[in-house]
Amino acid sequence: MSQVGKFNNLEVVNEVPFGFYLDAGDKGQILLPTKNAPLGCKLGDMVNAFIYHDSDDRLIATIRRPKVLVDHCAYLKVVSITKVGVFVDWGLEKDLLVPFSEQDYPMSEGVSYVLYVFCDEETGRLAASTKLKDFLYEESSEEGGTFEDKQEVELLICGQTDMGYKAIINGSHIGLLFRDEVFQPIKIGHSMKGYIKRIREDGKIDLCFQFHDPTARNTLEEKIIEDLIAHDGLSTLTDKSSADEISKRFTVSKNVYKKAIGSLFRQKRILLDKTKITLVKK
């Protein structure tokens with residue numbers, strides 16, 4: 001059974017001057033226009049094609065890859081606003097509709113948003129939504145998949161709150177990165193690796209970018225030594241420096257940095273005063 005919004009391996013069963021028809025099983029024959037077909041395409045070939053609706057609401061095929069598949073999230077830009085909703089650029093000839101009923105807030109032309117792409121059960125057409133909570137899980141559960149502490153995951157930053165940043169986890173869940181634990185520049189729409197910090201008693205998921213265990217601290221200590229060597233054994237980044245300065249240089253909190261230089265001082269690898277750190281020469 002072929003699926004709208006996904007790639008399907010379909011046979012070429014007819015050739016016409018403007019393209020090829022593919023056997024899509026229960027969906028009949030679907031046109032693959034010449035400009036969207038592989039070079040040398042011919043009868044009997046199997047083509048891995050993406051299926052969606054064209055501007056006339058007819059099913060059509062292409063080998064071009066859209067920016068997002070059905071049941072996935074992506075950061076997409078609004079290209080027009082109409083009476084039925086807004087349209088976003090998802091990499092294909094026909095833009096993708098975000099109906100007004102699927103907007104949590106008014107959307108503006110030229111602005112990008114994190115959206116979930118779904119197939120409308122009544123019409124069979126693809127659409128997108130900013131109402132992520134309607135499609136994603138907010139709690140670690142057996143139904144939506146479970147996570148473990150310190151598990152590495154893929155994150156898509158999707159929003160901000162007073163507490164920090166919301167992120168989509170592996171395309172299925174929503175978790176929280178606490179603002180005071182984020183020590184690198186991030187923006188809505190950014191994709192990056194992160195970790196499950198903990199699963200709370202209510203099932204909500206807390207996230208982080210790093211764990212400050214002994215191994216991580218040892219790594220930071222060596223980075224500090226390497227930085228000192230690169231700067232002729234001298235650094236003005238002390239425990240009196242601002243958290244922003246420390247974060248920009250080493251992507252860690254001020255507290256973690258203070259612990260690392262304290263450890264290096266006790267090891268007699270550096271000298272400390274209020275204005276500078278000096279590498280102890282061997």
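Only this structure's heavy atoms are used, side chains among them; waters, hydrogens and symmetry mates stay out. Just so it is clear, the structure is predicted and the values come from calculations on it, not from any experiment.
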Before giving the answer on side chain to side chain contact (heavy atoms under 4.5 Å, CB included), spell out for Val70 and Val4 the whole-Å C-alpha distance, their side-chain angles and the decisive distance to 0.1 Å.
CA-CA 8 Å; Val70 69; Val4 176; over 6 Å; no

Could you walk me through whether Ser263 and Glu221 pass the side-chain hydrogen bond (donor to acceptor under 3.5 Å, both in side chains) test, one step at a time?
CA-CA 8 Å; Ser263 174; Glu221 290 174 12; 2.8 Å; yes

For side chain to side chain contact (heavy atoms under 4.5 Å, CB included), just list the numbers for Glu139 and Asp202, CA-CA rounded to whole Å, side-chain angles, deciding distance to a tenth of an Å, and then say yes or no.
CA-CA 8 Å; Glu139 300 175 7; Asp202 60 3; 5.6 Å; no

Are Val117 and Asp71 close enough, and set up right, to give a side chain to side chain contact (heavy atoms under 4.5 Å, CB included), and what steps lead you there?
CA-CA 5 Å; Val117 178; Asp71 299 328; over 6 Å; no

Does the pair Met163 and Phe178 meet the rule for a side chain to side chain contact (heavy atoms under 4.5 Å, CB included), with working shown?
CA-CA 6 Å; Met163 298 175 67; Phe178 287 95; 3.1 Å; yes

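Salt-bridge formation is detected for the pair Glu222/Arg269: a Lys NZ or Arg NE/NH1/NH2 atom is positioned less than 4.0 Å from an Asp or Glu carboxylate oxygen. Between Asp57 and Lys94 there is a salt bridge, since at least one side-chain N of the basic residue sits less than 4.0 Å from a carboxylate O of the acidic one. We find that Lys193 and Glu154 are joined by a salt bridge, their nearest charged nitrogen and carboxylate oxygen being less than 4.0 Å apart.
Not a single donor-acceptor pair under 3.5 Å links the side chain of Ser108 to the backbone N or O of Val111. Remark: side-chain polar atoms of Ser129 are paired, donor with acceptor, to backbone N or O of Glu102 under 3.5 angstrom. One N or O on the side chain of Asp45 and one on the backbone of Lys42 form a donor-acceptor pair closer than 3.5 Å. Proximity of a side-chain donor or acceptor of Glu245 to a complementary backbone N or O of Ser242 within less than 3.5 Å is detected. In terms of modelled atom types and a separation under 3.5 Å, the side chain of His190 and the main chain of Ile188 share no donor-acceptor contact. Checking side-chain atoms of Gln103 against main-chain N and O of Val98 turns up a donor-acceptor pair under 3.5 Å. Checking side-chain atoms of Lys133 against main-chain N and O of Glu138 turns up no donor-acceptor pair under 3.5 Å. Checked by atom type and distance alone, the side chain of Lys35 never pairs as donor or acceptor with a backbone atom of Phe18 at under 3.5 Å. When atom types are taken as modelled, the side chain of Arg64 and the backbone of Gly91 share a donor-acceptor pair closer than 3.5 angstrom.
Glu122 and Asp120 make their closest contact through N-OD1, 2.9 Å (heavy atoms, listed as atom of the first residue, atom of the second, distance). Taking both residues in full, the closest heavy atoms of Gly124 and Cys119 are given as O-SG, 3.4 Å, listed atom of the first, atom of the second, then distance. When all heavy atoms of Gly189 and Leu156 are compared, the pair lying nearest together is O-CD1, 3.5 Å. What you find for Val47 and Cys41 is that their closest heavy atoms are CG2-SG, 4.1 Å. The minimum heavy-atom distance linking Ala49 with Ala61 is given by the pair CB-CB, 4.0 Å. Contact between Ala37 and Leu32 at its shortest, heavy atoms only, is CB-CD2, 3.7 Å.
Annotation: Glu152, atom CD; neighbour count of heavy atoms from other residues, nucleotides and ligands within 6.0 Å is above 12. Remark: Asp26 CG is packed, more than 12 non-hydrogen atoms of other residues, nucleotides or ligands lying under 6.0 Å away. Within 6.0 Å of NZ in Lys27 there are more than 12 heavy atoms belonging to other residues, nucleotides or ligands. Within a 6.0 Å sphere centred on NZ of Lys223, heavy atoms belonging to other residues, nucleotides or ligands number 12 at most.
Residues Phe118 and Leu132 fall within the same hydrophobic cluster, defined by Ile, Leu, Val, Met, Phe, Trp and Tyr side chains chained together at heavy-atom separations under 4.5 Å. Ile270 and Ile224 fall within a single hydrophobic cluster, where Ile, Leu, Val, Met, Phe, Trp and Tyr are joined by side-chain heavy atoms under 4.5 Å apart, directly or via other members. In the hydrophobic clustering of ILVMFWY residues, with side-chain heavy atoms under 4.5 Å counting as a link, Phe7 and Tyr52 come out together. A continuous path of hydrophobic side-chain contacts links Ile63 to Leu69 [ILVMFWY only; heavy atoms under 4.5 Å]. In the hydrophobic cluster analysis, where Ile, Leu, Val, Met, Phe, Trp and Tyr join through side-chain heavy atoms closer than 4.5 angstrom, Val68 is grouped together with Val86.
Between Val78 and Tyr113 the shortest side-chain heavy-atom distance falls below 4.5 Å. Using a 4.5 Å cut-off on side-chain heavy atoms (C-beta onward), Glu11 and Leu22 make no contact. Glu226 has its side chain out of reach of Ile229: every pair of non-hydrogen atoms, C-beta onward, lies at least 4.5 Å apart. Proximity of Asp89 to Lys67: side-chain heavy atoms (C-beta onward) are separated by under 4.5 Å at one or more points. Residues Leu155 and Ile168 are not in side-chain contact: their nearest non-hydrogen atoms beyond the backbone lie 4.5 Å or more apart. With contacts defined as side-chain heavy-atom distances shorter than 4.5 Å, the pair Thr130/Tyr105 qualifies. Using a 4.5 Å heavy-atom threshold, the side chains of Ser191 and Ile157 count as separate. The shortest side-chain heavy-atom distance between Val182 and Phe209 falls under the 4.5 Å cut-off.
To the nearest 0.5 Å, atom CZ of residue Arg198 and atom CD1 of residue Ile205 are 12.5 Å apart. Summarising the geometry, atom CG belonging to Asp206 is positioned 6.0 Å from atom CG belonging to Leu176; distances are rounded to the nearest 0.5 Å. One distance of note links CD1 of Ile169 with CD of Gln151; it measures 9.0 Å at 0.5 Å rounding. Here Lys204 contributes atom NZ and Tyr137 contributes atom OH; the two are 15.5 Å apart, rounded to the nearest 0.5 Å. Atom-to-atom distance recorded for Asp149:CG and Ile196:CD1 is 8.5 Å, nearest 0.5 angstrom. Atom CD of Gln3 sits about 6.5 Å away from atom CG of Asn8, to the nearest 0.5 Å.
Annotation: Phe250 is in aromatic contact with Tyr257 [ring centroid separation under 6.0 Å]. Separation of the Tyr75 and Trp90 ring centroids does not fall under the 6.0 Å cut-off.
By the 6.0 Å and 45° rule, Arg179 stacks over the aromatic ring of Tyr165.
Applying side-chain contact (heavy atoms from CB on, under 4.5 Å) to Asp54 and the options Ile60, Leu92, Leu31, Thr62 leaves one that passes, Ile60.
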Side-chain donor-acceptor distances from residues 231-239 under 3.5 Å, at least two apart:
unit_1 : atom_1 : unit_2 : atom_2 : d
His231 : ND1    : Asp227 : O      : 2.8
Ser235 : OG     : Leu237 : N      : 3.1
Thr238 : OG1    : Lys240 : N      : 3.0

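Relative ring orientation between His173 and Phe147 is described as perpendicular, the plane-to-plane angle rising above 60° on a 0-90° scale split at 30° and 60°.
Using modelled atom types, one finds no donor on one side chain facing an acceptor on the other under 3.5 Å when comparing Asn170 with Ser172.
Remark: Phe87 engages no residue in a ring-ring contact (aromatic ring centres under 6.0 Å, His included) (not counting sequence neighbours). Take Asp104 and apply the salt bridge (charged side-chain N to carboxylate O under 4.0 Å, His left out) test, not counting sequence neighbours, and it matches no residue.
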